[in-house]
Amino acid sequence: MSTVELTKDNFDEVVSGNEFVLIDFWASWCGPCRQFGPIFEAASERHEDLVFAKVDTEAQQELAAAFEIRSIPTLMIVRDNVAVFAQPGALPEAALEDVIGQARQLDMDEVRKSIESALEK
């Protein structure tokens, strides 16, 4: 599956309409972003059951600001409308695969319970 370009117009639809979304916040002028791009694209080919999406932080400044993106590239993983991972920096292929594997193994009921208990404090 090729990556989906996210904009403020389709962001909610794509993220809420899919169980597992990996988002690459990037910009064309960013060297590490250009380095990470092919790694992200290759992973999208290996994991066809997941949605891989990109946010061009120059064209979508409102989205970048909403997620407080301060450094690019930043990878975010959203499962069941919950951001379960966000980290700046270009990941090597093995690290990206490891993060995807860990995110797949999360028990989302436990994640939601832990969010609820944190909010109650």
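All residue numbers refer to positions in the sequence shown, counting from 1.
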S.K.: Report yes or no: does Thr3 contribute a side-chain atom to a donor-acceptor pair with the main-chain N or O of Ala53 at less than 3.5 Å?
M.R.: no
S.K.: Distance from Gln87 atom CD to Thr74 atom OG1, nearest 0.5 Å?
M.R.: 9.0 Å
S.K.: Who pairs with Phe25 by ring pair (Phe, Tyr, Trp, His ring centres under 6.0 Å), at least two apart in sequence or on another chain?
M.R.: Phe67
S.K.: Can a donor-acceptor pair be found, under 3.5 Å and without considering hydrogens, that links the side chain of Asp24 to the backbone of Phe52?
M.R.: no
S.K.: Indicate yes or no: at least one non-hydrogen side-chain atom of Lys54 is less than 4.5 angstrom from one of Ile23.
M.R.: no
S.K.: Nearest heavy-atom pair of Val14 and Val21: which atoms, and what distance?
M.R.: O-CG2, 4.1 Å
S.K.: I need the Phe40 CZ to Glu93 CD distance, nearest 0.5 Å.
M.R.: 13.5 Å
S.K.: For residues Lys8 and Glu62, report the shortest heavy-atom separation together with the two atoms involved.
M.R.: NZ-OE2, 3.2 Å
S.K.: Of the non-hydrogen atoms in Ala43 and Leu96, which two are nearest, and what is the gap between them?
M.R.: CB-CD2, 3.7 Å
S.K.: What is the minimum heavy-atom distance between Pro32 and Ala90, and which atoms define it?
M.R.: O-CB, 3.7 Å
S.K.: Using side-chain heavy atoms (C-beta onward) and a distance below 4.5 Å, is Glu58 in contact with Trp29?
M.R.: yes
S.K.: Would you name the heavy atoms of Val84 and Ala103 that are closest together and state the gap between them?
M.R.: CG2-CB, 4.5 Å
S.K.: Compare every heavy atom of Cys30 with every heavy atom of Pro73, then report the nearest pair and how far apart it is.
M.R.: CD-SG, 4.0 Å
S.K.: Using the side-chain contact (heavy atoms from CB on, under 4.5 Å) definition, which of the options Asp56, Asp12, Val55 pairs with Leu6?
M.R.: Val55
S.K.: Using a 3.5 Å distance criterion without hydrogens, assess whether the side chain of Gln60 forms a donor-acceptor pair with backbone atoms of Thr57.
M.R.: no
S.K.: State the OG-CG distance between Ser16 and Asp80, to the nearest 0.5 angstrom.
M.R.: 11.5 Å
S.K.: Who pairs with Arg104 by side-chain contact (heavy atoms from CB on, under 4.5 Å), at least two apart in sequence or on another chain?
M.R.: Phe20, His47, Asp49, Leu50, Ile100
S.K.: Which residues satisfy the salt bridge (Lys or Arg N to Asp or Glu O under 4.0 Å) test with Glu110, sequence neighbours excluded?
M.R.: Lys113
S.K.: Does any N or O in the side chain of Arg46 come within less than 3.5 Å of the main-chain N or O of Glu97, such that one atom is a donor and the other an acceptor?
M.R.: no
